[in-house]
Amino acid sequence: MTEKPHIRTVPELMRLEREFFTRDVLDVAPGLLSKMLAIKSINGNIRKYYISETEAYRGSDDKACHACRGRTPRTEIMYHEGGRLYVYFVYGMYWMLNIVTGTENNPQAVLIRSLENCTGPGRITRLLGIDKSFYGEDLVTSDRIWIEDSSITPVYMAGPRIGVDYAGEFWKNKPWRYYL
DNA sequence: TCAGTGATTAGG
DNA sequence: CTAATCACTGAG
């Protein structure tokens with residue numbers, strides 16, 4: 001007897017397009033939870049990790065956002081439309097991975113703080129091999145890093161951002177850190 | 001709790 | 001040029 005071979009349906013994971021990133025950072029930051037970060041190594045291996053913690057940095061008014069000091073060589077990319085990477089070096093040791101959001105000349109970004117299996121923004125960039133060469137990379141067109149949609153609707157919490165005590169009571173207390 | 005580490009920035 | 005600052009981590 002012949003039986004039709006069983007076809008297992010794997011949910012198709014689509015790359016997130018420009019429109020996902022050009023929304024306000026307060027929509028994109030929680031929206032990235034449970035999405036899949038995909039990165040291709042130099043040897044062609046593709047690794048994928050669920051995003052589990054993010055933080056929103058919102059415009060030049062936000063005293064915790066690097067753009068509050070204006071447009072500088074480092075913050076330049078934040079002034080582009082959403083979808084680019086803002087990568088910078090801090091504390092002499094760690095690369096921070098941020099995704100630019102919003103529209104042109106409206107500096108915003110999401111800090112990726114944790115993945116499913118790795119907590120801490122400095123640790124995840126070490127795991128992924130993110131460095132200065134990723135500054136400005138476009139998640140919509142890059143062939144080495146992108147984000148895929150998932151069918152998961154995350155249940156998440158929100159709380160104050162980490163490490164921004166210098167920003168003053170008003171901005172440091174904003175519940176713009178999102179986590180599963 | 002606290003040192004390590006160096007790019008970035010403002011100011012002179 | 002100088003010095004302060006810093007979206008952190010790991011050891012104790």
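Convention: sequence-line order gives letters A, B, ...; per-chain numbering from 1.
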Quick test: give all pairs of protein nitrogen or oxygen and nucleotides 2-4 of chain C nitrogen or oxygen below 3.5 Å, distance rounded to 0.1 Å.
none

Residues in salt bridge (Lys or Arg N to Asp or Glu O under 4.0 Å) contact with [X], at least two apart in sequence or another chain:
X: A/Lys172; answer: A/Glu169
X: A/Lys35; answer: A/Asp149
X: A/Arg177; answer: A/Glu53
X: A/Glu116; answer: none

For A/Tyr57 and C/dA7, do the ring centres fall under 5.5 Å apart while the planes stay under 30° apart?
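Yes, A/Tyr57 stacks on the base of C/dA7.
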Quick one: the dot-bracket string of DNA chain B, using Watson-Crick and G-U wobble pairs with both distances under 3.5 Å, [ ] for crossing pairs and | for bases paired to another strand.
||||.||||||.
Using 4.0 Å as the upper bound for N to carboxylate O, is an ion pair formed by A/Glu137 and A/Arg84?
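No, A/Arg84 and A/Glu137 are not salt-bridged.
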Is A/Ile124 reachable from A/Ile162 through a run of hydrophobic residues whose side-chain heavy atoms are each under 4.5 Å from the next?
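Different clusters: A/Ile162 never reaches A/Ile124 through Ile, Leu, Val, Met, Phe, Trp or Tyr contacts under 4.5 Å.
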So the ring-ring contact (aromatic ring centres under 6.0 Å, His included) pairs with at least one residue in residues 105-141 of chain A (sequence neighbours excluded) are none
Just to be sure I understand the geometry, which residues of residues 170-180 of chain A put a non-hydrogen atom under 4.0 Å away from DNA chain C?
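Within this stretch, nothing sits under 4.0 Å of the strand.
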Testing the 3.5 Å rule here: is there a donor-acceptor pair between the side chains of A/Arg71 and A/Thr75?
no
Run the ring-ring contact (aromatic ring centres under 6.0 Å, His included) test against A/Trp95 and tell me which residues pass, sequence neighbours left out.
A/Phe89
Output, in order, the C-alpha distance, side-chain angles, deciding distance and verdict of side-chain contact (heavy atoms from CB on, under 4.5 Å) for A/Arg74 and A/His66.
CA-CA 9 Å; A/Arg74 183 176 66 158; A/His66 289 166; 3.6 Å; yes
Protein-nucleotides 9-12 of chain C N/O pairs under 3.5 Å:
unit_1, atom_1, unit_2, atom_2, d
C/dT9, OP1, A/Gly120, O, 3.3
C/dT9, OP1, A/Pro121, N, 3.1
C/dT9, OP1, A/Gly122, N, 2.8
C/dT9, OP1, A/Arg123, N, 3.3
C/dT9, O4', A/Tyr94, OH, 2.7
C/dG10, OP1, A/Arg126, NH1, 3.3
C/dG10, OP1, A/Arg126, NH2, 2.8
C/dG10, OP2, A/Arg123, NE, 2.6
C/dG10, OP2, A/Arg123, NH2, 2.6

Atom CG in A/Leu139, atom CD1 in A/Ile147: separation rounded to 0.5 Å?
5.0 Å
For a side chain to side chain donor-acceptor pair (under 3.5 Å) check, start with the C-alpha distance between A/Arg47 and A/Tyr49, then their side-chain angles and the critical distance, and finish with the verdict.
CA-CA 7 Å; A/Arg47 292 175 290 156; A/Tyr49 306 92; 3.2 Å; yes
Worked verdict on A/Thr22 versus A/Glu81 for side chain to side chain donor-acceptor pair (under 3.5 Å):
CA-CA 6 Å; A/Thr22 52; A/Glu81 70 173 353; 5.9 Å; no
Show the distances under 3.5 angstrom between N or O atoms of the protein and N or O atoms of nucleotides 7-11 of chain B.
unit_1, atom_1, unit_2, atom_2, d
B/dT8, OP1, A/Lys132, NZ, 3.2
B/dT9, OP1, A/Thr72, OG1, 2.3
B/dT9, OP1, A/Arg74, N, 3.4

Residue pairs passing the side chain to side chain donor-acceptor pair (under 3.5 Å) test where at least one lies in residues 155-166 of chain A, sequence neighbours excluded
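The answer is A/Asp62-A/Arg161.
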